[in-house]
Amino acid sequence: MSSAKALTHWRAPGRVNLIGDHTDYAQGLALPLAIDRDCSITVVPRPAGAKGSIRAVSKEFAGEVTITTSTRATTSGGEGWGRFVIAAAELVQSLNSHPVNEAIDITVSSTVPAGSGLSSSSALSVALVGALAEYSSLPLSKSELAKAAHQVEERATGVPSGLMDQLASVNGEVDHALLIDFAAELVTPVKWPNDLAIIVINSGMLRALKDSEYAQRREEVENAARQLGLDSLRLATKKQVADNPWARHVVSENERVLAFVSALQSGSYDDLGLIMGKSHASLRDDFLVSTPELNELVANLIAVGAIGARLTGAGFGGCVVALAKPDRADEIAQEALARYRQGASPAIGASAHAFRVRAVAGAGPVGERDNSSGLQ
Ligand code: ADP
Ligand code: MG
């Protein structure tokens, strides 16, 4: 990296997905939004003469990572979150064809809860790639940044995830959800109405260690497409997949994304709720990625007056998302959470929490050239 910058500072938001889960790797549709919780990365050069290595610390995660990228040697913390730093440094180096031989300090700090399905991992990957690319004067378009961050995440975790999280983090827009068409690689902002509040409740059950089940779901979906002689399930009809629950989920979920956007645009909020309910049922009964805790939170939210609720993200734990009228949203969230805590173990009850989110701008540099204008 060849720069004398005093400080490079990037932020990248997490995301919540309103509808369209387990569709991204099937060339389908989804409607996430970038949320007002983000990962912040600073890159600072160490004084001249310091040994050439990258050092990284995280405010939330223990361990210091020290990487000499030319030899790929890691002196500590190379497992776990350090793998994201190594993968990002190597990827930026490979795109830039410059050896990373400068001594830099990286600091990570994040307000995205880790392991909850709000994509703290993609916020971290996008912010790391964005900051390291800027530091080494490597221009990246939004699409290149999202794909580079996706590669970093795949290398760091080995999970064959889709591109939704990185695209949402990069393309976020204030007060807009993002309709993503993964086949066309098209992101269309959809205005979010100001009379509809978005609630997230974290079940307190980490979704970590379910990576093998995620890979298995993806394999089922890809097998189903192959059996139909298709590249992906995007062009499959409901009739073609009627007997295959994995494929049935994907095909019906794509339809629900479009129906949700229509209902949003016509102000049919009752329909939004019905569509979210069907999505949750499909993830629970056909795709088998829900948990008793997520089911209970969804039921509680509806019982206390939410317009709609469903699990969000890959499932297997993590968060639910719900919609409510803004003047009742806090009360609904707290009441649903209180009921959930009554039946939960003290440990789960203590880590469960509810909060409201809003749609914010996508990833970018922080400071003079403030974020949303930083990328094409
Ligand atoms: P999610 O993306 O849903 O939050 P993941 O299991 O995909 O859950 O990603 C969580 C992982 O991302 C953590 O185990 C850690 O490796 C990394 N990570 C997230 N936030 C931070 C952070 N603030 N500092 C360091 N690593 C982080
Ligand atoms: Mg993740």
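Each ligand, and each atom within it, is numbered from 1 in the order the structure gives.
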Between [Y] and [X], is the closest basic N to carboxylate O distance under 4.0 Å?
X    : Y    : answer
K147 : E185 : yes
R234 : D181 : yes
R226 : E222 : no
E220 : R217 : no

In ligand 1, which numbered atoms sit nearer than 4.0 Å to a non-hydrogen atom of [X]?
X    : answer
L124 : 17 (C), 18 (N), 26 (N), 27 (C)
S110 : 23 (N)
G117 : 3 (O)

Taking distance alone, with no angle check, do [X] and ligand 1 share an N/O pair under 3.5 Å?
X    : result
E153 : no
G115 : yes
E60  : yes
A114 : no
S58  : yes

Contact region, S116 to ligand 1, non-hydrogen atoms below 4.0 Å, reads backbone
With heavy atoms and a 4.0 Å threshold, my read on which part of P113 contacts ligand 1 is backbone
Paired with I106, the side chain to side chain contact (heavy atoms under 4.5 Å, CB included) test is passed by just one of L132, V44, V65, V57, namely L132
Counting backbone and side chain alike, does S121 bring an N/O/S atom below 2.8 Å of the Mg ion (ligand 2)?
yes
Please determine whether side chain to side chain donor-acceptor pair (under 3.5 Å) holds for the pair H249 and D21, giving the CA-CA distance in whole Å, both sets of side-chain angles, and the decisive distance to 0.1 Å.
CA-CA 9 Å; H249 164 71; D21 274 308; over 6 Å; no
Which word best sums up how the rings of F316 and H22 line up, parallel for under 30°, tilted for 30 to 60°, or perpendicular for over 60°?
perpendicular
Among S161, S120, S121, which one has a heavy atom closest to atom 20 (N) of ligand 1?
S120
From atom 14 (O) of ligand 1, work out which of W81, F61, Y214 has a heavy atom at the shortest distance.
F61
Steps toward ring pair (Phe, Tyr, Trp, His ring centres under 6.0 Å) verdict (Y25, Y214):
CA-CA 11 Å; Y25 52 75; Y214 183 98; 5.6 Å; yes
Would you indicate whether K191, at its atom NZ, is surrounded by more than 12 heavy atoms from other residues, nucleotides or ligands within a distance under 6.0 Å?
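Yes - once you tally the heavy atoms of other residues, nucleotides and ligands closer than 6.0 Å, there are more than 12.
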